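A short write-up of the structure that comes next.
What you see is a predicted model, and the numbers here were worked out from it, not measured in a lab. Within every chain, numbering begins at 1; the chains are lettered A, B, ... in the order of the sequence lines, protein sequences first and strands thereafter. The figures here come from the full heavy-atom set of this structure, side chains too, leaving out hydrogens, waters and symmetry mates.
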There are 2 protein chains.
Amino acid sequence: MSQRNTCVSDQAMHAKACTVREVLDRVGGKWSIGVIIEASRAPVRFTELERAITGISRRMLTLTLRNLERDGLLTRTVYPTVPPKVEYTATDMARELYDSLVTLTDWADRHRAAIAASREAYDHRTAAAGTPGDR
Amino acid sequence: MSQRNTCVSDQAMHAKACTVREVLDRVGGKWSIGVIIEASRAPVRFTELERAITGISRRMLTLTLRNLERDGLLTRTVYPTVPPKVEYTATDMARELYDSLVTLTDWADRHRAAIAASREAYDHRTAAAGTPGDR
DNA sequence: CAGTATCCTCAACGATACTG
DNA sequence: CAGTATCGTTGAGGATACTG
């Protein structure tokens with residue numbers, strides 16, 4: 001994701017915000033969630049992921065996989081064959097994380113319409129403010 | 001946040017990944033969560049937020065507030081006094097979101113140690129690979 | 001007080017040629 | 001097949017002077 005840990009020296013209740021940031025720093029990247037979901041179903045190979053995740057570049061797939069592996073969210077298994085075969089599998093920790101994320105999708109589902117409406121209203125307001133004459 | 005909506009043209013189950021991204025695009029910013037938490041307790045003024053949230057710049061506070069207001073997560077109330085007084089309050093939608101985030105903090109709390117250990121192990125491994133001689 | 005306007009930096013991401 | 005190595009782009013975020 002985009003930001004570093006600013007939690008040091010934070011006081012009291014900010015602990016909550018920081019804990020959330022910990023998670024976000026881990027899965028906030030553009031592709032992390034997609035990879036975790038794919039690797040949660042069954043072991044997946046590099047090329048399979050590349051095809052399954054629309055729009056991801058080879059470089060970003062590699063980086064995402066390495067970071068997730070480093071955090072213990074993915075297991076990387078190399079079969080020393082020719083040509084090489086590598087499989088990625090989500091760990092239990094990652095599956096748990098995915099389950100927790102369901103709570104968030106519920107929230108999004110419930111409020112998607114309200115948010116869209118709020119945005120439209122806001123944009124309409126500010127557009128009106130930006131157009132002095134309005135005619 | 002860093003990334004645009006790539007959900008268009010996505011198929012079947014990727015809907016889940018996209019719904020998560022919707023939330024992340026909204027709250028994934030470096031400061032959004034902190035602002036929501038502060039504004040969930042009670043109405044807060046601009047300067048109060050600036051002091052409460054360690055490290056935030058004036059510019060980012062403004063941007064974060066505007067985005068959250070646009071999405072209907074914050075209410076902005078202006079008291080036409082001199083000097084001006086502006087209060088920000090979290091909406092019910094935002095409080096609900098915050099409640100959902102608790103699930104994530106639980107996950108982080110449970111696995112913080114495991115993640116740290118995994119990272120250290122990974123870094124040690126790759127460091128060893130990078131140091132040919134090792135002595 | 002509550003912002004806006006400017007300028008700048010840097011890390012995330014994208015594209016793609018090359019390789020064990 | 002499963003990557004790595006390079007180069008280029010973009011936008012999030014930071015610092016800060018100025019203003020109604």
**OP:** Would you indicate which nucleotide in C:dG3, C:dA15, D:dA2 comes nearest to any side-chain atom of A:S57?
**Re:** C:dA15
**OP:** Would you kindly give the CE-to-P distance between A:M60 and D:dT10, to the nearest whole Å?
**Re:** 17 Å
**OP:** In whole angstrom, give the distance that lies between atom NZ of B:K30 and atom P of C:dA12.
**Re:** 11 Å
Subject >> Selection: residues 75-83 of chain B, any non-hydrogen atom under 4.0 Å of DNA chain C >> reply: B:R76, B:P83
**OP:** Among A:V35, A:I36, A:L65, find the one that has a side chain to side chain contact (heavy atoms under 4.5 Å, CB included) with A:Y88.
**Re:** A:L65
**OP:** Enumerate, in order of first residue number, the stems that involve DNA chain D, defined as 3 or more consecutive Watson-Crick or G-U wobble pairs with both distances under 3.5 Å.
**Re:** C:1-20 with D:1-20
Original post:
Looking for any heavy atom pair under 4.0 Å, which part of the strands does B:T62 touch: base, sugar-phosphate only, or nothing?
Top reply: base
Original post:
Roughly how many Å is it from OH in B:Y88 to C1' in C:dC1, rounded to a whole number?
Top reply: 11 Å
**OP:** Kindly work out whether a path of hydrophobic side-chain contacts (I/L/V/M/F/W/Y, heavy atoms less than 4.5 Å apart) joins A:M93 to B:Y122.
**Re:** no
Subject >> Test item: B:R76 and B:R66 side chains (from C-beta on) under 4.5 Å apart, heavy atoms >> reply: yes
Original post:
In whole angstrom, what separates B:I33's CD1 from D:dG13's P?
Top reply: 13 Å
**OP:** State, yes or no, whether a side-chain contact exists between A:E87 and A:F46 at a heavy-atom distance under 4.5 Å.
**Re:** no
Original post:
Does any non-hydrogen side-chain atom of A:V23 lie less than 4.5 Å from one of A:R26?
Top reply: no
Original post:
Quick one: side chain to side chain contact (heavy atoms under 4.5 Å, CB included) partners of A:A39, sequence neighbours excluded?
Top reply: A:V44, A:L74, A:A90
**OP:** Write down the distance between CZ (B:R58) and C1' (D:dG13), rounded to a whole number of angstrom.
**Re:** 16 Å
Original post:
Expressed in angstrom and rounded to an integer, what is the separation of A:E69 atom CD from D:dG3 atom C1'?
Top reply: 13 Å
Original post:
Starting at CG of B:L63 and ending at C1' of D:dG11, how long is that distance when rounded to a whole Å?
Top reply: 12 Å
**OP:** For A:R59 and C:dG14, give me the distance from atom CZ to atom P, rounded to whole Å.
**Re:** 9 Å
